[in-house]
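A quick write-up on the structure given underneath.
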Amino acid sequence: MASAYTRNWSSSRIRLPTVASATLQTENLNSRVLVLGGTGRIGGSTAIALSKLSPDLRIIIAGRNREKGAGMIATLGKNAEFSEFDINDIKSLESALNDVDLVVHAAGPFQQTENCRVLEAAIRAKTAYLDVCDDTNYALRAKSFMNEALAAKVPAITTGGIYPGVSNVMAAELVRVAKTENKGEPERLRFYYYTAGTGGAGPTILATSFLLLGEEVIAYNKGEKIKLRPYSGMVNIDFGKGIGKKDVYLLNLPEVTSTHEILGVPTVSARFGTAPFFWNWAMDAMTRFLPSEVLRDRSRVQDMVRLFDPVVRVIDGYAGERVSMRVDLECSGGRQTIGVFSHKRLSISVGYSTAAFALAVLEGNTQPGVWFPEEPEGIAIEARELLLERAAQGTINFVMHKAPWMVETNPKEVGLGIYV
């Protein structure tokens, strides 16, 4: 089965090792997967993608809304069931984890969460773990359970969604190929993300965006850790076919720290933008005029989400939910390569991205321990191609290892003294 990814995998001669007899769809995988937040947009999309990629999987949808759960079961079919419980109820959580092979934690937002309750419970139950965390503090806290996961022989991946997640694997491959070709040392790695409106992903994404506006941006410039104002440093980036040029702004995302430390790239940053354009203006204004403590307060943010959500949903109907990721790598010898991943619907693409990680774990490509996606212990190098092919289902543009001019990009600095 050919995909856009296969056709555009590399402009170089370097290719990933392929997995023997691997296909996009996995047959006879009779594992049981628990999806926390399975009645939400991200968890529900993940469950649907899993059922399509691996029809034999048993999928347990966990959530607090029985009516929504029944709707998901009707969509998924006979291999699905619903489990009603709150992840804050430790006893019911541990009981559910004892009977599954993998738990997918999609019950965000992860910002301002003071514990890794689900990961800890998974380790105690000796159940494999995957989350779609997009918060730096949560991800680093999850990594602190490395020794416990190793002792229990539990494989776990944190930040395993679309971005971060697929974007991390794209970055790891850009760096791997650059080093293999011996065309200079990787010097600059830049993540650029665009999502129209909330991407159809609902109130959780809106809450995540507001909470991120309360965090100082961590970036790295020539090995030095620097802190910058959130939603500053706007640059105009061409995301290529189907998306075009978009303004993107600095945000504090975990892949910046993880790729800097794991891939050894001295300059790393991440930027995000949305549409319509006035949402970018509104988020910039929030960082300027609202106290950061307000934006870091989950209860206040939830109040704002309830206030804005009806308006956002109306505008989303016009804006659509296109999503694009662009990862740029610059090396010391002047070599520049990029990867671009674009889809018409984030609400579908995030599901396939997360499902790709889930299947990689179930297929034995993750070692015991807690890993980021770019670590070879998290996703084995030889398993990356299949993971990216699965994640790329339905993309309108997915290319890797291309020169920047092939995407006609020319980022221009706007109002930032240091371009990182």
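From a predicted model like this one, the values you see are computed outputs, not experimental measurements.
Nearest approach of Ile162 to Ser349, heavy atoms of both residues: CD1-OG, 3.5 Å. Closest approach of Tyr138 and Cys133 over heavy atoms only: CD2-SG, 3.6 Å. Of all non-hydrogen atoms in Leu34 and Ala62, the two that sit nearest each other are CD1-CB, 3.7 Å. The two residues Gly69 and Phe82 have their closest heavy-atom pair at CA-CD1, 3.5 Å. When every heavy atom of Arg271 is checked against every heavy atom of Gly233, the shortest pair comes out as NE-O, 2.8 Å. Taking both residues in full, the closest heavy atoms of Ala391 and Ala356 are given as N-CB, 3.9 Å, listed atom of the first, atom of the second, then distance.
Asn79 places a side-chain N or O within 3.5 Å of a backbone atom of Pro55 that can act as its donor or acceptor partner. Looking only at distances, no side-chain donor or acceptor of Ser167 sits under 3.5 Å from a matching main-chain atom of Pro164. With hydrogens and angles ignored, the 3.5 Å screen pairs a side-chain donor or acceptor of Thr127 with a backbone N or O of Leu97. Remark: the backbone N or O of Trp371 is not paired with any side-chain donor or acceptor of Glu377 at under 3.5 angstrom. Using modelled atom types, no side-chain atom of Thr395 and backbone atom of Phe341 make a donor-acceptor pair closer than 3.5 Å. Judged purely by atom type and a 3.5 angstrom limit, Ser54 has no side-chain atom pairing as donor or acceptor with the backbone of Leu50. When atom types are taken as modelled, the side chain of Arg32 and the backbone of Asp99 share a donor-acceptor pair closer than 3.5 angstrom. Ser269 places no side-chain N or O within 3.5 Å of a backbone atom of Arg190 that could act as its donor or acceptor partner. Without hydrogens or angle criteria, Ser324 side chain to Ser342 main chain gives no donor-acceptor distance under 3.5 Å. Side chain of Thr113 to main chain of Phe110: a donor-acceptor pair is present (N/O by atom type, distance under 3.5 Å, no hydrogens or angles).
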*Dump the intermediate steps for side-chain contact (heavy atoms from CB on, under 4.5 Å) on Asn168 and Val327, then the final yes or no.*
CA-CA 9 Å; Asn168 302 49; Val327 184; over 6 Å; no

*Do Thr267 and Leu189 pass the side-chain contact (heavy atoms from CB on, under 4.5 Å) test, and can you show the C-alpha distance, the side-chain angles, and the key distance before you say yes or no?*
CA-CA 6 Å; Thr267 297; Leu189 182 63; over 6 Å; no

_Criterion side-chain contact (heavy atoms from CB on, under 4.5 Å) on Asn65 and Glu84, from CA distance to verdict_ = CA-CA 7 Å; Asn65 189 313; Glu84 183 179 7; over 6 Å; no

*Any chance you could lay out the side-chain contact (heavy atoms from CB on, under 4.5 Å) test for Val350 and Thr46, step after step, and finish with the verdict?*
CA-CA 7 Å; Val350 68; Thr46 299; 5.8 Å; no

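The one candidate from Glu187, Glu181, Glu330 that meets the side-chain hydrogen bond (donor to acceptor under 3.5 Å, both in side chains) condition with Arg335 is Glu181.
Remark: Ile396 CD1 to Arg345 CZ distance equals 13.0 Å, nearest 0.5 Å. Taken from CG in Leu174 to CD in Glu374, the straight-line distance is 12.5 Å, to the nearest 0.5 Å. Atoms CG and CE, on Asp247 and Met234 in that order, are 4.0 Å from each other to the nearest 0.5 Å. Rounding to the nearest 0.5 angstrom, the gap separating the CZ atom in Arg326 from the OH atom in Tyr194 is 16.0 Å. Atom-to-atom distance recorded for Phe272:CZ and Thr274:OG1 is 5.0 Å, nearest 0.5 angstrom. Considering SG of Cys331 and CD of Glu185, their distance stands at 8.0 Å, rounded to 0.5 Å.
Between Glu375 and Lys143 there is a salt bridge, with a side-chain nitrogen of the basic residue lying less than 4.0 Å from a carboxylate oxygen of the acidic one. Using a 4.0 Å cut-off between charged side-chain N and carboxylate O, Asp284 and Arg229 make a salt bridge. A salt bridge links Glu81 and Arg58; the closest N-O separation between the charged side-chain nitrogens and carboxylate oxygens is under 4.0 Å. A salt bridge links Glu363 and Arg390; the closest N-O separation between the charged side-chain nitrogens and carboxylate oxygens is under 4.0 Å.
Contact of the Val235 side chain with the Val248 side chain is registered, since non-hydrogen atoms from C-beta on lie closer than 4.5 Å. Side-chain contact between Thr337 and Lys402 is absent, with no heavy-atom pair separated by less than 4.5 Å. For the pair Thr136/Ile218, no side-chain contact is recorded, criterion being any heavy-atom separation below 4.5 Å from C-beta on. Looking at Ile61 and Leu76, their side chains come closer than 4.5 Å, going by heavy atoms from C-beta outward. Using a 4.5 Å heavy-atom cutoff, the side chains of Leu212 and Phe210 are not in contact.
Note: Tyr192 and Phe239 have perpendicular aromatic rings, judged against thresholds of 30 and 60 degrees for the angle between ring planes. Ring geometry for His260 versus Tyr220: interplanar angle under 30°, hence parallel rather than tilted (30 to 60°).
Side-chain polar atoms of Asp86 and Asn88 form a donor-acceptor pair below 3.5 angstrom. Residues Asp134 and Gln111 have side chains that bring a donor and an acceptor to within less than 3.5 angstrom of each other. Between the side chains of Tyr231 and Asn280, at least one donor N or O lies within less than 3.5 Å of an accepting N or O.
Annotation for Arg117: atom CZ counts as buried by contact number, over 12 foreign heavy atoms lying within 6.0 Å.
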